[in-house]
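Model, not experiment: these values are computed from the prediction. What's counted below: heavy atoms across the whole structure, side chains too, no hydrogens, waters or symmetry copies.
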Amino acid sequence: MSPPRRLLARLREIMASGAAPLPEITKLVTSELGADACSIYVMRPGDILELMATQGLNPQAVGRTRLRVGEGIVGLAAATARVMNLADAPNHPAYVYRSETSEAPYASLLAVPVRRAGHTLGVIVVQKREPRAYTPEEVDVLETLAMVLAEQLAGGGASDGAEEGVGATLQRIFPGTILASGVVIGPVVVRSTRRTLGHLLAEDPKAELARLQQAVSRMQKELDQLIASSAHAGDESREVLEAYRLIAADPGWLRRAGEAIRSGLSAGAAVERVASEFSDRMRRVGDPYLRERLADVEDLAGRLLATLNGNAPRAVVPVGAILLARRLGPAELLDWRNRGIAGVVIEEGTPAGHAAIMARALGLPALGGARGALETAEPGDDAILDADKGELILRPDIELAQIYIAALEARTARQAGWAELRKRAARTADDVPFRLMLNIGLKLELDQLETTGADGIGLFRTEIAVLARGGEIDPAEQAALYSSVLDSAGDRPVLFRTLDLGADKQLPGAKLEEENPAMGWRSIRVGLDRPALLRRQLRALLLGAGGRALSVMFPMIATVAEFRAARTLLESEAKRVHPQPERLEAGAMLEIPSLLWQLPTLLRHADFISVGTNDLVQFLFAADRGTPGIADRYDLLSPPVFSAFEYLIEQADAAGVSVSVCGEAASRPLEALALAGLGVRTLSMSASAVLPVKAMLASLDLRAFRPVLATMRRKLADKPSLREPIATWAREHGLVI
Ligand code: PEP
Ligand code: MG
């Protein structure tokens, strides 16, 4: 058998045997490649590479040797995503010697980055005493191995090299979907789905019916109190709770509980039975909206049972805890928050769900998915909820926890430093002005205009209130909402986006069976096909403006004709309102690549363009933004996206039409840097990003960066991503990214 095949065959055996894979892999590589040492470094948060396993270096260095990305040859391999094949490593300018590794006798070094979907997950290194470069075959073997290792690391399986039995005390990482951003370190509390039913059968149905009725009215009262106590959280969270109260008062399920009691069940058992029938039916439907209702029903059943059991005293929740739940209703989330939790993981939570809306409104970091966390976690386990990156780290290693604690402290210190930035205008170090705006959708987020010092609202997602309500909002109420948005913004501009429903933002009752909802009947397509609906919203926007300037943008525009049709509706509605807006602007969101080839025409008709990079990137690369593993496969910081932006800015500048970017990319300092380099001057982002982006800009010499970016684009035109060279330049120039 050839050496590579033999190595892979052995590798498969290692994987199948369940033995700790990383140390075994290092052993295997040293013997198969005749090397003196093999080491595996794994990427940790904060761009740190940590030595996780070695054969040939001092074993004491495992978990202790850490290198920043860019530091040493290993760090360089990670930063450049390139193989480093050196006959005489100690004489390479990037070489750093770490005494704890005792690597002095080794001359040659081969470092291969472990990469998956455009991200560096670690580096595998081979060293020999003999000073000679590695053969192409050897490089090939190690590259193949790095590929297998990447899968292993991405699955989290190899990160600890644990065997099942000891696994319970070792670190585990669970990736998930970000529902509400933020980072929390704290003990875990697990929401149990087991409920105390009390006795199952009852002899006196009348007494049980009376108990049920009492419990229902007590629960309704508690809900009223909860709604009153959430007044500070704003209208939308109240709306969510009101929608929930309707479910609580639904005569259908109360009637069925009554029937179950009459058939001989106790009140508790009847509630449990109806709730589980309900759950089973909804689970079978598979519709994401109904699945969210499932959480509401479970939440209600739990409440009713607690009430029926006389509200047994609840365990005390440690302040700052992270709650893990399979499903969670909005009322229960509010309850847990009031009991002191600081973050939440909802295994079946989705970004458009009630609990997610509530979490964002409360500023509570929340993660969806993280499959397996609930089974693995023990109450009281330490955990890190990184809802900025999208993962839950259970029982973090002390070193990792320290990195996070230090990062949180540094963040707090930086934020203290940034407080003073809040009042300053956004400018680069070489004095180029920028506008940093907010992406929001809820009324209670309006105070973020003050807390962040943003220059306006670059994206008001009008569909969020509709989703929170679970149905269309009547025009007068819509107008009141839009009016209060303009009141809060004062002189600052606001770009209202018309309803962007469909795809991942389905309204209840939308029973569309679409193969590809992201490319289906959604957004402006619905608006143009159902003009009455769009007109009602446009009228509400005009009424809300009440004579003030109004800017409206249309999402998911694919053709100039669509934009013109939407604009015509806006203008015809505008003629019918009094007072008329002092200025009326209509803009197109650039989210569908087809618009890039209609720019000269589009720019004659649109007053402004707002680039939705979340959708634009998904459609440019045909990579579903909602599919884990695919969503981040292609990088915004890449030649095709840069070319698209360059062309857009050139055309828009020539036409005198303003361009802003409102996709999530604008919220990340590194992406914001690249966009600035391409000529974008208005960025719209989530509130937590305004000061970090402002701080990055304040340390940026844009005049110096632009030619650097141009050179990178020219020289690295065949690369899938320019992230690492841009990040290296930023780090070398002291930018906080
Ligand atoms: C976008 O697509 O980038 C965007 C801002 O719209 P949404 O994320 O709401 O689809
Ligand atoms: Mg979009």
Side-chain angles (χ1 to χ4, degrees), residues 234-236 239 242-243 439-443 445-446 456-490 492-502 505-510 521-557 560-589 605-610 612 662:
D235 289 2
E236 286 77 10
E239 272 165 18
E242 294 284 3
N439 291 351
I440 60 171
L442 294 171
K443 195 164 150 187
E445 292 172 295
L446 284 170
I457 298 169
L459 169 63
F460 189 86
R461 291 181 161 110
T462 59
E463 67 280 358
I464 300 290
V466 176
L467 289 166
R469 171 68 64 88
E472 201 188 338
I473 302 176
D474 85 65
E477 233 185 291
Q478 279 187 55
L481 167 65
Y482 305 145
S483 173
S484 59
V485 173
L486 290 173
D487 291 346
S488 299
R492 291 167 286 207
V494 179
L495 308 186
F496 286 102
R497 171 171 81 182
T498 58
L499 292 179
D500 185 26
L501 290 166
K505 292 180 278 195
Q506 292 288 354
L507 255 191
W521 194 58
R522 59 174 289 202
S523 198
I524 196 65
R525 299 172 184 175
V526 179
L528 293 175
D529 293 355
R530 296 275 153 83
L533 186 85
L534 181 54
R535 274 179 186 282
R536 268 204 297 281
Q537 183 181 28
L538 295 173
R539 208 172 310 142
L541 283 162
L542 288 154
L543 288 171
R548 291 173 282 191
L550 177 66
S551 301
V552 176
M553 61 188 184
F554 301 106
M556 297 294 292
I557 295 286
V560 174
E562 279 176 350
F563 176 73
R564 294 194 64 192
R567 176 168 205 145
T568 304
L569 287 178
L570 175 65
E571 284 166 354
S572 72
E573 284 307 316
K575 290 202 185 96
R576 297 167 53 185
V577 296
H578 297 288
Q580 300 216 334
E582 74 179 33
R583 197 178 64 249
L584 181 62
E585 289 190 329
M589 282 193 76
H605 295 284
D607 298 315
F608 61 90
I609 303 288
S610 177
C662 68

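- Here D474 does not pair with R536 in a salt bridge; the nearest charged N to carboxylate O distance is not below 4.0 Å.
- A pairwise comparison of heavy atoms in V494 and A489 identifies CG2-CB, 3.4 Å as the closest pair.
- The heavy-atom pair separating V577 from Q580 by the smallest distance is O-CG, 3.4 Å.
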Tell me, with the steps shown, if L550 and L541 meet side-chain contact (heavy atoms from CB on, under 4.5 Å). CA-CA 8 Å; L550 177 66; L541 283 162; 4.1 Å; yes
Verify side-chain hydrogen bond (donor to acceptor under 3.5 Å, both in side chains) between R497 and S610, making sure each step is shown before the conclusion. CA-CA 10 Å; R497 171 171 81 182; S610 177; over 6 Å; no
I'd like to know whether S572 forms a side-chain contact (heavy atoms from CB on, under 4.5 Å) with R535, so could you lay out the CA-CA distance, the side-chain angles of the two residues, the decisive distance to 0.1 Å, and finally the verdict. CA-CA 9 Å; S572 72; R535 274 179 186 282; 3.3 Å; yes
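- Here the side chain of E445 pairs a donor or acceptor atom with the backbone of G441 at under 3.5 angstrom.
- The CE atom of M589 lies 5.5 Å from the CG atom of L459; values are rounded to the nearest 0.5 Å.
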Apply side-chain contact (heavy atoms from CB on, under 4.5 Å) to residues L495 and F460 and explain how you reach the verdict. CA-CA 6 Å; L495 308 186; F460 189 86; over 6 Å; no
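- Across all their heavy atoms, L570 and L542 have their closest contact at O-CD1, 4.1 Å.
- Other residues, nucleotides and ligands contribute more than 12 heavy atoms inside 6.0 Å of the CZ atom of R548.
- Between atom CG of residue L446 and atom CD1 of residue I457 there is a gap of 5.5 Å, rounded to the nearest 0.5 Å.
- Side-chain contact check for Y482 and E477: no donor-acceptor pair (N or O, by modelled atom type) lies under 3.5 Å.
- Here the straight-line distance linking atom CZ of F496 with atom CD of Q478 works out to 11.0 Å at 0.5 Å rounding.
- In this structure, the side chain of N439 does not engage the main chain of G458 through any donor-acceptor pair within 3.5 Å.
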May I have the step-by-step check of salt bridge (Lys or Arg N to Asp or Glu O under 4.0 Å) for R567 and D607, ending in yes or no? CA-CA 10 Å; R567 176 168 205 145; D607 298 315; 2.8 Å; yes
